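This report refers to the structure that appears directly beneath it.
A, B, ... follow the sequence lines: proteins, then strands. Residue 1 opens every chain. It should be emphasised that the depicted structure is a prediction, and the values quoted were computed from it without experimental measurement.
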Amino acid sequence: MPELPEVEVTRRRIAPVLLGRRIARVNTTRPSYFFLTPPGKLRSALVGTTSTEIVRHGKYLVARLDSGAGLLLHLGMTGQLFTSDVHSPRLLRKTARAALAPGEQRGFQPDAHTHLMLEFDDGGPSLYFRDVRKFGKVRLLNEKLADPRLDRLGTDALAIEPAELYERTRDRKVPIKSVLLDQAVLAGVGNIYADEALYLAGVRPARAARRVTREECAALVRAVKRVLGRAIEAGGSSISDFVGPDGSDGHYQDERWVYSRTGERCRRCATPIRRLVIGQRSAHFCPQCQK
DNA sequence: ACCGCACCCTGAGCGC
DNA sequence: TGCGCTCAGGGTGCGG
């Protein structure tokens, strides 16, 4: 699910629930590669601590603990971070969802996909990390908050300058879209917003990166920032799994220009949107508006 | 250094 | 209703 806007929305909404509250109990599911730090070690390190800060690096979240350690979180494709008092049908499987009368669900009961559960000593809402596909990650960090995944990240997508994108694409023969998705170049852009930004910049996703001009790189950087900023304002995209920490849906999907609109008409020129596969991922574009 | 590919996992949607 | 198939917004590690 989550790209930079969804992670940032999550960070902002999770902060008031997490910061300044002492963790009283930690429950987890069985060890799996979801847990880069084994569950037992995670439990003992977290109980009794309080988070003082939570920051975002690309699609990663890092919480600083008062013990000095840190907690690294990545939502993968289907990760959901939310509080126990949500009431969102999106958190149920479709079959279970269909059986509910509107407004019937109250709160959330942890299920087999809820891998990390934090309870606090004030008796208030708990924090849950649920992830059906387990592509998400949890890891305890040392006092320097060091992690090879974070070290590999390029400039945050909201902070990159046109000159850097231009320079970083000069020796790249791969499609420009693959560079936008490369977290070592710019951190935070995923499949949806890469397609949206390429549309706004008028650049076809399959174009070799080094054939993108300086002016187009500048337009792309503007488009990336604009689309990410707009998606954050809209609360993210809730295309399949994303749900805000309070259970609300994002609305950016209602504003999509091209993503997952194959065969539908371009909002500007009415040409049917086309789909390609680039780097084993679907890419969507308008053949008229993008060159 | 760069590039393509397999792989981690589960569920939804589709055609039959 | 059920089966088999394809697809899904991410990231890593491998071999060429």
Discussion item. Can you pull out every side chain to side chain donor-acceptor pair (under 3.5 Å) where at least one residue sits in residues 266-281 of chain A? Sequence neighbours excluded, please.
Written reply: none
Worksheet, complete the sentence: Separation of C:dC7 atom P from A:His284 atom NE2, nearest Å, is 12 Å
Practice prompt. For A:Arg210 and B:dC2, give me the distance from atom CZ to atom P, rounded to whole Å.
Written response: 12 Å
Worksheet item: Checking salt bridge (Lys or Arg N to Asp or Glu O under 4.0 Å) against A:Asp182, which of A:Arg152, A:Lys177, A:Arg168, A:Arg172 comes through?
Response: A:Arg172
Practice prompt. Report yes if a side-chain nitrogen or oxygen of A:His113 is closer than 4.0 Å to either non-bridging phosphate oxygen (OP1 or OP2) of B:dC9; otherwise report no.
Written response: no
Worksheet item: Over how many whole Å does the gap from A:Glu196 atom CD to C:dG9 atom P extend?
Response: 13 Å
Fill in: Out of C:dG10, B:dC9, B:dC2, whichever nucleotide has its closest atom nearest the side chain of A:Lys134
B:dC9
Worksheet item: Can you find a side chain N or O atom of A:Tyr259 that sits less than 4.0 Å from OP1 or OP2 on C:dG9?
Response: yes
Item to complete: Whole angstrom is fine here: how far is it from CD1 in A:Ile278 over to P in C:dG10?
Response: 14 Å
Worksheet entry | Distance, rounded to the nearest Å, where A:Tyr33 contributes OH and B:dT10 contributes P | 8 Å
Discussion item. So, does A:Arg275 get its side chain near the phosphate of C:dA8, meaning an N or O under 4.0 Å from OP1 or OP2?
Written reply: yes
Worksheet item: Does the ring of A:Phe135 lie flat against the base of B:dC8, closer than 5.5 Å centre to centre with planes under 30°?
Response: yes
Under 3.5 Å, sequence neighbours excluded: what are the donor-acceptor pairs made by side chains of residues 33-47 of chain A?
residue: A:Thr37; atom: OG1; partner: A:Leu140; partner atom: N; Å: 2.8
residue: A:Arg43; atom: NH1; partner: A:Thr28; partner atom: OG1; Å: 3.1
residue: A:Ser44; atom: OG; partner: A:Gly40; partner atom: O; Å: 3.3
residue: A:Ser44; atom: OG; partner: A:Lys41; partner atom: O; Å: 3.1

Worksheet item: When rounded to the nearest 0.5 angstrom, what distance separates NE2 in A:His57 from CG in A:Asp151?
Response: 10.5 Å
Discussion item. Please report the distance separating the P of C:dC3 from the corresponding atom of B:dC9, rounded so that it comes out in whole Å.
Written reply: 23 Å
Item to complete: Using a 4.0 Å heavy-atom cut-off, write out nucleotides 11-16 of chain C from 5' to 3' as B (base contacted by protein), S (sugar-phosphate only) or - (no contact).
Response: BS----
Item to complete: Side chain of A:Arg133 only, please: which of C:dA8, B:dG11, B:dC2 is the nearest?
Response: C:dA8
Worksheet item: In chain order, what residues pass the side chain to side chain contact (heavy atoms under 4.5 Å, CB included) check against A:Asn27, with sequence neighbours excluded?
Response: A:Met117, A:Glu119
Worksheet item: Is the distance from OP1 or OP2 of B:dC9 to the nearest side-chain N or O of A:Thr78 less than 4.0 Å?
Response: no
Practice prompt. Run through the side-chain heavy atoms of Ile, Leu, Val, Met, Phe, Trp and Tyr, join any pair under 4.5 Å, and report what else lands in A:Tyr166's cluster.
Written response: none
Worksheet item: Hey, does A:Ser32 reach any base, or is it just sugar-phosphate, or nothing, if we go heavy atoms under 4.0 Å?
Response: nothing
Worksheet entry | Hydrophobic cluster of A:Tyr60, others only, ordered by chain and residue number, side-chain cut-off 4.5 Å | A:Val55, A:Val62, A:Leu72, A:Leu141, A:Leu145, A:Leu150, A:Leu153
Practice prompt. Using a heavy-atom cut-off of under 4.0 Å over every strand shown, decide if A:Asp131 touches base, sugar-phosphate, or nothing.
Written response: nothing
List, one per line, each side-chain donor-acceptor pair under 3.5 Å for residues 214-227 of chain A, sequence neighbours excluded.
residue: A:Glu216; atom: OE1; partner: A:Arg207; partner atom: NH1; Å: 2.9
residue: A:Glu216; atom: OE1; partner: A:Thr213; partner atom: N; Å: 3.0
residue: A:Glu216; atom: OE1; partner: A:Thr213; partner atom: OG1; Å: 3.3
residue: A:Glu216; atom: OE2; partner: A:Arg207; partner atom: NH2; Å: 3.0
residue: A:Lys225; atom: NZ; partner: A:Ile160; partner atom: O; Å: 2.7

Item to complete: For B:dC2, take OP1 and OP2 only and decide whether either is under 4.0 Å from a side-chain N or O of A:Ser178.
Response: no
Fill in: Euclidean distance, atom CH2 of residue A:Trp257 to atom C1' of C:dG9 [Å, nearest integer]
21 Å
Item to complete: Provide, to the nearest angstrom, the distance between the CD atom belonging to A:Gln280 and the C1' atom belonging to C:dT6.
Response: 16 Å
Worksheet, complete the sentence: Here the pair of heavy atoms bringing A:Lys59 nearest to A:Gly190 is NZ-CA, 3.6 Å
Practice prompt. For A:Asn191 and C:dC7, give me the distance from atom CG to atom P, rounded to whole Å.
Written response: 14 Å
Worksheet entry | Strand DNA chain B in bracket notation, Watson-Crick/G-U under 3.5 Å with | for pairs to another chain | .|||||||.|||||||
Worksheet item: Under the ring pair (Phe, Tyr, Trp, His ring centres under 6.0 Å) rule, what pairs show up with a residue in residues 272-291 of chain A, not counting sequence neighbours?
Response: A:Tyr259-A:His284
